Amino acid sequence: MNGDRSESSTDFIREAIKEDLQEEKFDHVHTRFPPEPNAYLHIGHAKAIWIDYGIAQDFNGLFNLRFDDTNPVKEEQEFVDGIIEDVRWLGADWDDRLFFGSDYFEQMYEWATDLIKKGVAYVCDLSADEVSKTRGTLTEPGIDSPYRNRSVEENLDLFQRMRAGEFPDGSRTLRAKIDMASPNMNLRDPVMYRILHTEHHRQGDKWCIYPMYDWAHGLEDSIEGVTHSLCSLEYENHRPLYDWFLDQLGIYHPRQIEFARLNLTYTVMSKRRFIELVNGGYVQGYDDPRLPTLAGLRRRGYTPEAIHEFCRRIGVAKTDSIVEVAVLEDCVREDLNKRAQRVMAVMNPLKVVLLNYPEDQVEELDVINNPEDPDAGTRKVPFARELYIEREDFREVPPPKYFRLAPGREVRLRNAYFIKCVDVIKDENGEITELHCTYDPETRGGDAPDGRKVKATLHWVAAQQAVPAEARLYSHLFLKPDPDDVEEGQDFTANLNPESLEVVTCRVEPSVIGAQPGKIYQFERQGYFCVDRDSTPEKLCFNRTVTLRDTWAKIEKSMKNAAG
RNA sequence: UGCCGGAUAGCUCAGUUGGAAGAGCGACUGACUCUGGAUCAGUAGGUCCAAGGUUCGAGCCCUUGUCCGGCAGCCA
């Protein structure tokens with residue numbers, strides 16, 4: 001874990017565990033992350049993983065990765081592979097404890113039989129619709145199933161025949177006999193098994209009855225010897241049911257503790273919505289860099305360290321909360337600032353011709369790779385007579401407090417020379433096509449021997465030597481902090497940001513040639529950019545992870561506000 | 001008019017066994033600077049939902065109320 005800055009932070013779960021250890025309810029700690037393999041993981045799962053894995057580490061305990069694969073209709077091997085990759089990428093380590101709930105089906109079946117023999121489980125012939133109708137409501141009790149008092153022998157026979165495949169889907173269920181009048185809906189004779197003649201991704205056609213989550217989950221934790229089953233708030237009302245099953249069976253009993261799941265501003269965080277966005281063509285896949293999926297974040301250039309730091313900062317609590325994306329963005333900036341090699345790239349080029357620079361000369365300038373990291377070394381960057389600078393780094397009529405290039409003004413080209421603008425060239429439409437400047441050979445490297453200062457430093461590239469590349473500039477997927485904040489009759493897609501992806505062709509210094517997908521750079525003064533897998537040997541493709549903090553934009557905004 | 005949770009700074013969240021109210025983000029101010037977009041430092045005064053109670057002492061415990069969230073899949 002992140003040793004140097006984690007100042008032994010604690011939370012209500014860690015405290016509860018400490019207590020359990022002191023009171024000797026448990027003599028060790030064993031947690032697990034139990035995803036269902038029916039979708040890709042998102043940053044909300046990362047929070048859960050860091051709680052599960054982080055706690056196991058803090059207490060020198062064990063951590064399992066277990067797939068909760070009890071529903072063959074929705075689950076696929078593709079997601080198993082994707083999830084394993086994501087969890088490993090995040091840095092959680094399950095050693096050799098990779099498990100599948102479906103491997104326990106036989107044991108679960110035996111335990112179900114035990115419950116039938118005990119007289120606390122029965123085969124019910126009601127249809128799904130009838131079960132629903134007889135369950136009652138939040139304020140009214142349900143009514144007993146007419147099959148509730150079948151004999152143990154008949155239940156045993158029927159259940160065995162359910163397994164043998166004698167009955168069609170949905171015709172019968174195995175139910176726990178608890179209390180149809182319980183104020184907790186989960187205790188109104190919940191279904192334990194349903195009939196599903198569907199092939200399972202691991203079990204094949206071995207089974208045609210499948211356990212419900214509520215029946216299976218507690219058993220899985222029990223079988224694995226998990227001490228603390230950490231899960232989200234929505235399962236709080238299910239805890240009494242897990243306890244009931246475990247108590248009836250008389251088997252090992254983990255302790256469940258619930259915490260609030262993560263919500264983020266300007267995005268959505270559910271499988272269902274990801275599917276809608278992908279199917280609707282609003283994003284290009286589950287690993288679209290605009291999505292908060294782990295695959296998307298990874299492709300965007302987020303690092304495991306940044307995500308870990310984010311999880312540390314947001315903490316663990318039971319309060320429903322919506323965390324600002326700005327916190328996440330700040331975490332990547334902090335991490336990438338330390339590790340990203342700096343490079344210069346121009347997004348929106350404006351040609352600069354250095355009138356007094358020799359026509360065919362090209363210099364190789366030594367440039368520091370990362371001012372934050374002395375070990376990062378230096379590289380060569382070509383400098384020539386024709387350059388590109390950022391169009392917005394020049395103003396013909398500079399506003400107050402604008403210190404960048406303007407007619408007659410001198411600025412520094414980062415790592416190179418001072419230049420002074422002597423002429424502005426325009427086309428017939430009055431559009432500026434290029435700048436004529438002079439450079440001062442004495443300022444090579446960026447400092448003037450006579451001690452004179454400039455107020456701005458611009459990034460640049462050599463026009464001939466720079467390589468064109470595609471840059472994908474991402475901004476928030478939604479226009480509002482809460483995507484569900486819509487007019488009546490609309491859904492969250494009404495808040496989609498039409499400009500969440502802007503694709504431009506930029507020009508980058510040649511040192512990036514050959515960079516592999518996943519490589520992260522800081523484009524100086526602009527932001528962090530990550531080489532995308534869509535890159536080809538001919539053309540690099542960059543995803544903007546996040547912009548740098550933009551103080552100038554703030555100044556500009558406040559001046560506008562002051563003026564308006 | 002059921003059951004289970006929650007309510008702390010502008011925003012988002014911490015707050016260990018009850019013992020002088022915290023962080024981050026944002027904002028503002030300043031330093032520094034070859035990223036005026038790196039970096040660093042400082043400032044922020046919130047009836048800790050409300051009203052009672054227990055206590056020498058309560059954000060933390062108890063009671064009541066208010067508001068918010070979850071629960072009526074043969075999903076997880």
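Residue numbering restarts at 1 for every chain, and letters A, B, ... go by the order of the sequence lines. Only a predicted model underlies this, so the values are computations on that prediction, with no experimental measurement involved.
For the OP1/OP2 pair of rA7(B) and a distance below 4.0 Å, the side-chain nitrogens and oxygens of Thr319(A) include at least one atom meeting the criterion. Listed pair Ser132(A) / rC74(B) fails the phosphate criterion, with no side-chain N or O lying under 4.0 Å from OP1 or OP2. Distances shorter than 4.0 Å separate some side-chain N or O of Thr457(A) from OP1 or OP2 on rG36(B). Between rA76(B) and Arg194(A), a contact under 4.0 Å exists linking OP1 or OP2 to a side-chain N or O. For Thr265(A), no side-chain nitrogen or oxygen approaches OP1 or OP2 of rU12(B) to under 4.0 Å. At rU35(B), none of the side-chain N or O atoms of Arg549(A) fall inside 4.0 Å of OP1 or OP2 (strictly under the cut-off). Applying the 4.0 Å criterion to OP1 and OP2 of rC74(B), one finds that Arg135(A) has a side-chain N or O inside that range. The side chain of Arg14(A) contributes no N or O atom lying less than 4.0 Å from OP1 or OP2 of rU16(B). In terms of phosphate contacts, Asn337(A) brings a side-chain nitrogen or oxygen within less than 4.0 Å of OP1 or OP2 of rU39(B).
When rounded to the nearest whole Å, the span between CD of Glu234(A) and P of rC68(B) equals 21 Å.
For rG59(B), the base adopts the anti conformation, since its glycosidic angle falls more than 90 degrees from zero.
Using a 4.0 Å heavy-atom cutoff across all strands shown, Asp447(A) reaches at least one base atom of the nucleic acid. Glu236(A) comes within 4.0 angstrom of sugar-phosphate atoms only, judged by non-hydrogen atoms across all strands, and of no base. The residue Ala326(A) sits close only to the backbone: its heavy atoms come under 4.0 Å of sugar-phosphate atoms, none of a base. Nucleic acid contact class of Val316(A) (heavy atoms, under 4.0 Å, all strands): sugar-phosphate only. As judged by a 4.0 angstrom heavy-atom cut-off over every strand, Met344(A) is placed among residues making no nucleic acid contact. Using a 4.0 Å heavy-atom criterion, one finds that Asp320(A) contacts the sugar-phosphate atoms exclusively. Within 4.0 Å (heavy atoms only), Glu392(A) reaches at least one base atom of the nucleic acid.
For Met212(A), taking side-chain heavy atoms from C-beta onward, the closest of the listed nucleotides rG37(B), rC74(B), rG36(B) is rC74(B). Residue Thr137(A) has its side chain nearest to rA72(B) when only rA72(B), rU39(B), rG15(B) are considered.
Evaluation of atom-type donor-acceptor distances gives a pair under 3.5 Å for the side chain of Gln522(A) against the base of rU35(B).
Rounded to whole Å, the separation between the P atoms of rA7(B) and rC62(B) comes to 13 Å.
Under a 4.0 Å N-O distance rule, the pair Glu19(A)/Arg255(A) does not qualify as a salt bridge. Using a cutoff of 4.0 Å between basic side-chain nitrogens and carboxylate oxygens, Glu220(A) and Arg66(A) are scored as salt-bridged.
Checking each of Val367(A), Val381(A), Val343(A) against Ser511(A) for a side-chain contact (heavy atoms from CB on, under 4.5 Å) leaves exactly one that passes, namely Val343(A).
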